[in-house]
2 protein chains.
Amino acid sequence: MKKRAKLKDIADALNISIATVSRALNDKYDINASTKKEVLRVAEELNYRPNPIAVSLRKNSYNVIGVVLPSIDHYFFSTVLKGVMNKAHKSNYLVIVGESNHDPDKEKSILEQFLNHGVTGVIISPTMGKPAEHFSKFRNKRIPLVLVDRPLVDDVDSFVRYDDPNGAFLAVEHLIDQGYKSIACIKGNDNCVISNARYSGYAKALGQNNLTENPKHVKTCINLDSKKDGYLLGKQLLLAKDKPDAIFTVTDEVAAGVYAAAKELKVDIPGELGLVGYSNSKVSIHLSPQLSTVEQPGVEMGEEAFDFLQQIMLGSTEILKKTFDARLIVRGSSTRHATINNMTIV
Amino acid sequence: MKKRAKLKDIADALNISIATVSRALNDKYDINASTKKEVLRVAEELNYRPNPIAVSLRKNSYNVIGVVLPSIDHYFFSTVLKGVMNKAHKSNYLVIVGESNHDPDKEKSILEQFLNHGVTGVIISPTMGKPAEHFSKFRNKRIPLVLVDRPLVDDVDSFVRYDDPNGAFLAVEHLIDQGYKSIACIKGNDNCVISNARYSGYAKALGQNNLTENPKHVKTCINLDSKKDGYLLGKQLLLAKDKPDAIFTVTDEVAAGVYAAAKELKVDIPGELGLVGYSNSKVSIHLSPQLSTVEQPGVEMGEEAFDFLQQIMLGSTEILKKTFDARLIVRGSSTRHATINNMTIV
DNA sequence: AAAATTTACTGAAACGTTTACGGTAATTTT
DNA sequence: AAAATTACCGTAAACGTTTCAGTAAATTTT
């Protein structure tokens, strides 16, 4: 493998100084047209391209941010990334991406890799709700940091999040409005903050409407991206003797599983069973009837996150916070009454 | 905004040389325990962290590759990225990502940004099938390059692709096996290489089975990610007087639209209409009956692409090529006969 | 106690650039 | 033709770090 050409190689080839070469390449003052031409020729010949590290060091500018997400092929996160990249590209920032796969250890190693590399800022959607020790370490170093979707509990980091509890609240109130009386919930693991937040909204909606929570109607789903798990739990709920007439699931994928269970058991949606999911993922419009769900504006959240990060990188010391308002998308899976405006897509 | 501390600041504070400070921080030989302690104390005090740019320059190590994809929130591409990142992370490479949004100009600007930054290699899934001029420029600079999914026509770049024509061929042969006699196709724009490749497989399958292609049964869909477009074209096909009894669509999303059309027109799938899509996207298992489709192993393709890139970065001058074999996933949407092994998921 | 070794440090070069500054030759002005 | 200007180029410092080679003092060995 040939060594990469540097300024000196061009300079030596033409018997001129590297300063002249540099000026020629950078189209600066004080350069003769013919030598410039020569320099460009030799540069092309030697396949020269500037060493960005050296340039960065000299110019003292490095425009790279890091984004770490639990899962890159998860629709919501990929839209967040899209939003970040939209804005970053416009501001001439490069974004390096890491995927933690919901593993705190991997998250930590990615963060350290990013730090070592010298990113000027980081946007992260943490795997866990609890502030891990590698976060405090991070903060000590004062690297601009913005959390997305899963703000940690202590009040030190800027964040962009979504009003998860209220989204769930709206979903369940809507089911109640539609006349459903016995509303179950399929939630996630207890250490999943997202699930907990949504579950709290569910509980609140029941409470405010004088409905008592039935412990048998609250199921825990290990893998919230698994249709199969949703199917199994949905079946459990629908086969119970005090079966619910509506189910709120904390993800659309789980709701898709419930569809399968309902179909197998010949339970009509929305007639015998109302259903609302969460995230407005692509699946929701492909189900039949289409699934009511809670919208999560990933792209906008990503864009806002980058804006925050940029403010911090430019020197702001404030803790920037934004909570996106919850918005319910009502579709066929939860509408027994025609009076509701049904926002079907097709 | 305070200036960032550097080695000299620590050195000055303790009246020692920066060399000593550096050794103390890096836990090297030739350092007294007490001075080391002092150095660490002051470093902490001043919030020192090494300038990674300077370190990179000095140590001459830069492990960054670029990945540019047409659309980051498209499931297939996000899995490709996942595969690339899996491998890259293991080899201690950082990956920066760019999204071209199917726009050649943006693709070009991203590529130039990457080049300027000095990535050591690039994996790209080009927007167009034709070799754009910014590609040749790219090649002249001899930056390691691997194409994914859409190899350009001239035989100069390494690539990882999928046997698209054969995937389509298998899909259509399967429909014929199932006894469908009049098989339509919903394809994409003529300048979409992917669509063309799949369409060619469709045509070949018809030809080999002595079925004549009916021009009225070949529809062009502008947006291959649009369920709505699929719905409209599906309706056209199903309302024609010589309506087909099966449809092969070049994406699953379009097939989902056809489901909607069939449901509206009360056409039974798979009884009256056989259906096979393409890509095995998440949608396919949420449709009812589940959609037969052609698998595209994005993660594996991404992993292979990184392996290729690494080989090239390590000095290989060969043009590396790999075509993944097509694999049909048979599900309910195309099985009229029970003899077929039906790989349903739920 | 002289010699040899070890310990703990410093100075300086190097990584590849950019750029302020100074200098020389050519050109223009007077 | 001398003076002033211009055009062009080279020298060297600087960015922040690592590390080699050298050195003085402290310690051990003889």
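All chains are named by letter (A, B, ...) in the order of the sequence lines, taking the proteins before the strands, and each is independently numbered beginning at 1. Because the structure is predicted, anything quoted here is derived from the model rather than measured. Atom set for the values below is all heavy atoms of this structure, side chains included, hydrogens, waters and symmetry mates excluded.
Residues from residues 31-40 of chain B with heavy atoms under 4.0 angstrom of DNA chain D: there are none. Taken residue by residue, residues 11-23 of chain B places heavy atoms nearer than 4.0 Å to DNA chain D at B:Ile18, B:Ala19, B:Ser22.
Ion pairing between A:Arg41 and A:Glu44 fails under the 4.0 Å rule for side-chain N and carboxylate O.
Here the closest heavy-atom approach between residue A:Ser91 and residue A:Phe306 is recorded as OG-CE2, 3.7 Å. Residues B:Tyr93 and B:Val64 approach most closely at CD2-N, 4.0 Å, considering heavy atoms. Of all heavy-atom pairs between B:Phe324 and B:Pro297, the closest is CD2-CG, 3.9 Å. A:Asp157 approaches A:Ile319 most closely through the heavy-atom pair O-CG2, 3.4 Å.
Residue pairs that meet the salt bridge (Lys or Arg N to Asp or Glu O under 4.0 Å) test with at least one member in residues 69-89 of chain A, sequence neighbours left out, are A:Asp73-B:Lys82, A:Lys82-B:Asp73, A:Lys82-B:Glu99, A:Lys87-A:Asp307.
At whole-Å resolution of the value, CG in B:Leu7 and P in C:dA14 are 20 Å apart. Spacing between atom CZ of A:Arg4 and atom C1' of C:dG16 amounts to 10 Å, rounded to whole angstrom units. Note: NZ (A:Lys6) to C1' (C:dC15) measures 8 Å, nearest angstrom. Taking atom CD1 of B:Ile53 as the reference point, atom P of D:dT18 lies 13 Å away to the nearest angstrom. Distance A:Tyr29 OH to D:dT6 C1': 16 Å, rounded to the nearest Å. Distance B:Leu25 CG to D:dT17 P: 9 Å, rounded to the nearest Å. Rounded to whole Å, atom P of C:dG16 lies 7 Å from atom CG of B:Leu57.
Evaluation of atom-type donor-acceptor distances gives a pair under 3.5 Å for the side chain of A:Asp30 against the base of D:dC9.
Of the side-chain N and O atoms in B:Lys59, none sit less than 4.0 angstrom from OP1 or OP2 of D:dT18. Between A:Asn51 and C:dC15 there is no side-chain polar atom (N or O) within less than 4.0 angstrom of OP1 or OP2.
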Problem set entry | From CA spacing to verdict: side-chain contact (heavy atoms from CB on, under 4.5 Å), B:Asn92, A:Gln113 | CA-CA 8 Å; B:Asn92 242 19; A:Gln113 207 187 8; 3.6 Å; yes
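Counting only heavy atoms from C-beta on, B:Asn26 has its side chain closest to D:dT18 among D:dT17, D:dT18, C:dT17.
Formation of a donor-acceptor pair under 3.5 Å by the A:Asp103 side chain with backbone atoms of A:Asp105 is found in this model. Under a 3.5 Å cut-off, the side chain of A:Asp9 and the backbone N or O of A:Lys6 do form a donor-acceptor pair.
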